[in-house]
Amino acid sequence: MGQKVNPIGFRLSVQRNWQSRWYGDKKSYPVWVYEDFVIRQFLFKQLRFASIAKVFIERAGGKIRIKVHTPRPGVVLGRKGQDLELLCAKLKKKIGNDILVDVQEVKRPELVARLVAEGVASQLERRIPFRRAIKKAVQISMAAGAQGVKIQCSGRLGGAEIARTESRRDGSMPLHELRKGIDYALVVAETTYGTIGVKCWLSLYPQERESLHCNNRAAS
């Protein structure tokens, strides 16, 4: 079972929490789900140079609170918080609700699956050999304290005519055990030969999971 389903959805309410935390009725639920999708797409596109790790969305009293986790909070905040204020204004104009954005620093980006996958994808877009990119990412994550790492790339690797899948794995990756914290992410690399999907699984020790996100840097 653990090999066939999304590791994050498989562990919801056991090891993981929902990334959208609110309750809606039959009328508001589909609207809010679409709004959450629009917010995340907007943030990942607008803050692509800030390396966004995760976006948590909470709703209460007609207001939306967004928690953005990034290893580069200064890029999101801007000088004296001007970029963050401009971002909130754009989101309010797009959604129509009052927006509150909290920026939280990720101190160890090597232990966040999305950031590791984005690093591999950016190297593939710069035409770095995929085996070198995968091997380096696995070594860095294991050296940072991960219990296990698995990275998989699928597509026209190296400009080959036929698409294939290549992967590298190191350490322990118990996908069937719900009590084990597995972080997972899928990132798409846009290359001249087409898109290449990069998947990353990270198995973390309990102490690493607890100290991963910290340090509220700003609120607006």
Identify the heavy atoms of Leu43 and Ile52 that sit nearest to each other, and give their distance.
O-CG1, 4.5 Å
Heavy-atom check, side chain of Arg59 versus side chain of Ile64, under 4.5 Å
yes
Heavy atoms of Gln46 and Lys90 approach each other most closely as NE2-NZ, 3.1 Å
Given side chains that start at C-beta, do those of Asp98 and Lys92 come closer than 4.5 Å, heavy atoms only?
yes
Linking I/L/V/M/F/W/Y whenever their side-chain heavy atoms sit closer than 4.5 Å, directly or via other members, would Leu84 and Ile57 fall into one cluster?
yes
Quick one: NZ on Lys107 to NE2 on His69, what's the gap to the nearest 0.5 Å?
14.0 Å
So which atom in Phe42 and which in Leu87 form the shortest heavy-atom distance, rounded to 0.1 Å?
CE2-CD1, 3.6 Å
Using the rule given for side-chain contact (heavy atoms from CB on, under 4.5 Å), can you reason through Trp22 versus Asp36, listing the C-alpha separation, both sets of side-chain angles and the distance that settles it, and then say yes or no?
CA-CA 11 Å; Trp22 44 262; Asp36 288 0; 2.8 Å; yes
side-chain contact (heavy atoms from CB on, under 4.5 Å) between Val101 and Val68, worked out
CA-CA 7 Å; Val101 179; Val68 179; 4.1 Å; yes
NZ-CG distance between Lys54 and Leu115, expressed to the nearest 0.5 angstrom:
9.5 Å
Transitively linked via ILVMFWY side-chain contacts under 4.5 Å: Val55 with Ile99?
yes
Arg131 side chain reached by Arg168 side chain, heavy atoms, under 4.5 Å
no
Can Arg114 be said to sit on top of Phe44's aromatic six-ring, NZ or CZ under 6.0 Å from centre and within 45° of the ring axis?
yes
Taking Arg11 first and then Glu177, would you say they form a salt bridge - that is, a charged N and a carboxylate O separated by under 4.0 Å?
no
When rounded to the nearest 0.5 angstrom, what is the spacing between CZ in Arg48 and OG in Ser122?
13.5 Å
Ser13 side chain near Trp18 side chain, heavy-atom distance below 4.5 Å
yes
Would Leu157 and Val138 show up in the same hydrophobic cluster when neighbours are defined by side-chain heavy atoms closer than 4.5 Å?
yes
Using the rule that two of Ile, Leu, Val, Met, Phe, Trp, Tyr join whenever any of their side-chain heavy atoms come within less than 4.5 Å, decide whether Val188 and Ile8 are in one cluster.
no
Taking Val31 as the starting point, is it possible to reach Tyr29 by hopping between hydrophobic residues whose side chains are less than 4.5 Å apart?
yes
Within this structure, what is the CZ-CG distance for the pair Arg16 and Leu178, rounded to the nearest 0.5 Å?
13.0 Å
Using 0.5 Å steps for rounding, measure from the CG atom of Leu202 to the CD1 atom of Ile182.
8.5 Å
Using side-chain heavy atoms (C-beta onward) and a distance below 4.5 Å, is Val120 in contact with Cys200?
no
Check whether any side-chain heavy atom of Ile151 lies under 4.5 Å from a side-chain heavy atom of Val198, and answer yes or no.
yes
Could you walk me through whether Thr70 and Val103 satisfy the side-chain contact (heavy atoms from CB on, under 4.5 Å) test, starting with their C-alpha distance in whole Å, then the side-chain angles of each, then the deciding distance to 0.1 Å, before giving a yes or no?
CA-CA 7 Å; Thr70 173; Val103 182; 4.0 Å; yes
Decide yes or no on side-chain contact (heavy atoms from CB on, under 4.5 Å) for Ile66 and Leu91, but give the supporting numbers first.
CA-CA 11 Å; Ile66 304 172; Leu91 277 173; 3.9 Å; yes
Closer than 3.5 angstrom, by distance alone: can the side chain of Arg127 be matched with the main-chain N or O of Leu124 as a donor-acceptor pair?
no
What are the two closest non-hydrogen atoms of Ser51 and Pro71, and how far apart are they?
O-CD, 3.0 Å
Examine Trp32 together with Phe37 and report whether their ring centres are nearer than 6.0 Å.
no
Here the gap from Ile196 atom CD1 to Thr191 atom OG1, rounded to the nearest 0.5 Å, amounts to 4.5 Å
Residues two or more places apart in sequence or in another chain: which of them pass side chain to side chain donor-acceptor pair (under 3.5 Å) with Asn17?
none
Residue pairs involving residues 141-167 (criterion side chain to side chain donor-acceptor pair (under 3.5 Å); sequence neighbours excluded):
Gln147-Ser203, Ser154-Thr165, Arg164-Glu166
Over all heavy atoms of both residues, which pair between Ala113 and Asp183 is shortest? Give the atoms and the distance, please.
N-OD2, 3.0 Å
Could you check whether any side-chain heavy atom of Lys94 comes within less than 4.5 Å of a side-chain heavy atom of Val38, counting everything from C-beta outward?
yes
Flag side-chain contact, heavy atom, 4.5 Å: Asp83 against Val76:
no
Which of parallel (below 30°), tilted (30 to 60°) and perpendicular (above 60°) describes Tyr184 and Trp201?
tilted
To check you understand the geometry: which heavy-atom pair defines the closest contact between Val149 and Met173, and what is its length?
N-CE, 3.6 Å
Take Glu110 and Arg108 through the salt bridge (charged side-chain N to carboxylate O under 4.0 Å, His left out) test and state the conclusion after the steps.
CA-CA 5 Å; Glu110 304 87 1; Arg108 308 185 71 179; 5.3 Å; no
